[in-house]
Amino acid sequence: MIDKKKLNYIRKQFPIFNKKIFDNKNLVYFDNASTTQKPYSVIKSIEKYYKNINSNVHRGSHYISNLSTLKIEKSRKIIQKFINASYNHEIIFTKGTTDSINLIALGIKKYIKQDDIIIISQMEHHSNIIPWQNLCKETKSKLEVLPLDKNYNINLSLLDYLLEKKKEKVKIISLVHISNVIGLENNIKKIINKAHKNNTLVLIDGAQSLSHTNINVKKFDIDFYVFSSHKIYGPTGLGILYGKEKLLKKISPIQFGGGMVKNFSFNLNKIEYEDLPLILEPGTPNISSIISFSESIKFINKIGINNIKEYENKLLKYALYKLSKIDNIFLYGKNIIKYPIISFNIKNYHPFDIGMILDKYGIAVRTGNHCAQPFVKFINKKGTIRISLSFYNTYEEIDYLYNKLLKSIKILSKI
Ligand code: PMP
């Protein structure tokens, strides 16, 4: 359980909450879906790497290089365990969720033919749309977008139709697990079962998931699962691509260089590449981020994901309760939000204006289309104000937001 004492302890672990940000104000951070704050253990781990063992990996014959290599490989194992992958070489280090999706979309190109079908949904982040649009353009395949119903659930009729009528032409479905616009969870198990009956692959965009819940890639039989370290209290510039071993072996590398070669030849066809994971990780990896990301996982495990879920759910309920007291507020999907990501608008006021005023009070929210224009335009053309919560947020911060929202409305009503 996260009680007051524990919360106090947790907040003390985040340096950004223990200092004034500007105008002598503390930061009230409600933009966790964009990126999360970092605890000391993660920051210190980055510092420790550069101070003590800064060196390149997988190629040195000296002490600190071997140590760096051991540490990134240990991180790989911690990440493997975190999502319950079968093997550590099923964990590929990338730059982020976006990079991971691009790697798959480009890496499967040779298997996609004219008139094949790629499926996404109307709920996707642009990072899970544009790579597929490009793949379709290059291969003359077709992108199908599963629409949302009025409750923001993905309507599966089109999926059923395509799987039944187009059969083996439906090559891959790429779907978000938890939306970054409203904290809705898609029934990925159901969709994966449908897809696998047709031998269709499924990629799950888990960018918003692992800070709020756990995932078991084996149990869910997920083919590819992608996420970013920076959204799980870890450093920026590091993403994870999980893929089943037998599938990753079929993915073509999309970048080439050092680190991935076993035996070089000037005859391109005769180059012998390393096995997984190195074949998909050319160049120097983001060593300090990989090492320190394992500290984020340790941090989450120490608090306990069930405690996180329980506390965040209480915060979510409280935030919805407080916000619903505001006149003329539109709280999108109010009764179906499962995870603490809330999108709203206040009648007659532009989300950006509200966001600007809240910022003056030290409250960080996100406004606009959240890089998910198809979804946000479906909700409201002007965009939304989004608050996304974490286990380090407090009831008092929600009260503060409520008061400052009322104040913002008052200020704007006089303009
Ligand atoms: N998908 C979703 C659902 C996201 O929320 C984000 C980040 N907002 C991304 C993909 C892209 O993540 P990144 O910018 O870390 O690559």
Side-chain angles (χ1 to χ4, degrees), residues 29-38 42 79 83 92-106 120-134 145-146 148 152 154 172-188 191 202-213 215 222 224-242 254-255 285-286 289-290 292-293 296 332-333 337-343 364-376 378-379 383-390:
Y29 190 71
F30 287 144
D31 196 17
N32 293 289
S34 291
T35 198
T36 48
Q37 298 302 338
K38 319 303 172 203
V42 170
I79 298 163
I83 60 170
I92 308 294
F93 297 131
T94 66
K95 284 190 298 186
T97 305
T98 308
D99 197 35
S100 300
I101 298 173
N102 274 280
L103 199 159
I104 295 300
L106 291 167
I120 58 164
S121 85
Q122 198 180 351
M123 196 188 265
E124 304 307 320
H125 188 278
H126 297 163
S127 292
N128 196 24
I129 307 177
I130 307 172
W132 303 113
Q133 285 178 304
N134 272 297
V145 184
L146 306 180
L148 299 179
Y152 312 124
I154 297 178
I172 187 163
I173 305 174
S174 192
L175 284 184
V176 72
H177 180 204
I178 296 172
S179 158
N180 68 312
V181 178
I182 306 175
L184 308 173
E185 184 177 34
N186 285 318
N187 189 342
I188 54 172
I191 294 167
V202 181
L203 182 150
I204 299 294
D205 172 354
Q208 294 298 334
S209 310
L210 292 164
S211 54
H212 304 299
T213 186
I215 192 84
I222 297 172
F224 301 110
Y225 193 79
V226 296
F227 55 100
S228 301
S229 140
H230 72 96
K231 293 188 197 275
I232 319 170
Y233 310 98
T236 52
L238 173 67
I240 305 300
L241 159 64
Y242 157 79
I254 59 164
Q255 289 190 324
N286 192 340
S289 292
I290 296 170
S292 60
F293 181 44
S296 327
Y332 303 107
I337 306 175
K338 195 165 165 202
Y339 293 101
I341 304 171
I342 303 172
S343 264
V365 300
R366 171 108 185 236
T367 59
N369 61 54
H370 319 305
C371 298
Q373 282 190 26
F375 189 10
V376 174
F378 180 69
I379 296 174
T384 72
I385 304 160
R386 182 185 74 186
I387 61 163
S388 45
L389 311 173
S390 156

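Residue numbers count from 1 along this sequence. Everything quoted here is computed from the prediction, not taken from an experiment. Every number for a ligand or one of its atoms is a count from 1 in the order of the listing.
The contact set between ligand 1 and Val176, taken as ligand atoms under 4.0 Å from a residue heavy atom, comprises 3 (C). Listed by number with element, the atoms of ligand 1 under 4.0 angstrom from any heavy atom of Ser228 are 12 (O), 13 (P), 15 (O), 16 (O). Within ligand 1, counting atoms from 1 as listed, the ones closer than 4.0 Å to a heavy atom of His230 are 15 (O). Contact atoms of ligand 1 toward Asn180: 5 (O) (distance under 4.0 Å to a heavy atom of the residue).
The closest approach between Asn128 and ligand 1 stays at or above 4.0 Å for every heavy atom of the residue. Using a non-hydrogen distance threshold of 4.0 Å, Cys371 does not register as a contact of ligand 1.
Contacts between Gln208 and ligand 1, counted as non-hydrogen atom pairs separated by less than 4.0 Å, involve the side chain only. By the criterion of a heavy-atom distance under 4.0 Å, both the backbone and the side chain of Thr97 are placed next to ligand 1. Contacts between Glu124 and ligand 1 below 4.0 angstrom, taking non-hydrogen atoms only, are absent altogether.
With respect to atom 3 (C) of ligand 1, the closest heavy atom belonging to the protein is Asp205 OD2, 3.5 Å. Here the heavy atom of the protein found nearest to atom 11 (C) of ligand 1 is Thr98 OG1, 3.5 Å.
Of the options His125, His126, His370, the smallest heavy-atom separation from atom 4 (C) of ligand 1 is shown by His125. Taking only non-hydrogen atoms, the option from Met123, Arg366, Lys231 nearest to atom 8 (N) of ligand 1 is Lys231.
Atom CG of Asn102 sits about 11.5 Å away from atom CG of Leu241, to the nearest 0.5 Å.
Not a single donor-acceptor pair under 3.5 Å links the side chain of Asp205 to the backbone N or O of Ser174.
No hydrogens or angles considered: nothing links the side chains of Thr97 and Ser127 as a donor-acceptor pair under 3.5 Å. Side-chain atoms of Tyr152 and Ser179 include no donor-acceptor pair closer than 3.5 Å.
Around CD of Gln133, the count of heavy atoms belonging to other residues, nucleotides or ligands within 6.0 Å exceeds 12.
Residues meeting the salt bridge (Lys or Arg N to Asp or Glu O under 4.0 Å) test with Arg386, sequence neighbours left out: Asp31.
Any N or O atom pair closer than 3.5 Å counts here, and Asp99 shares no such pair with ligand 1.
Between Ile232 and Thr36, the shortest heavy-atom contact is N-OG1, 3.6 Å.
Contact of the Ile240 side chain with the Val226 side chain is not registered, since no non-hydrogen atoms from C-beta on lie closer than 4.5 Å.
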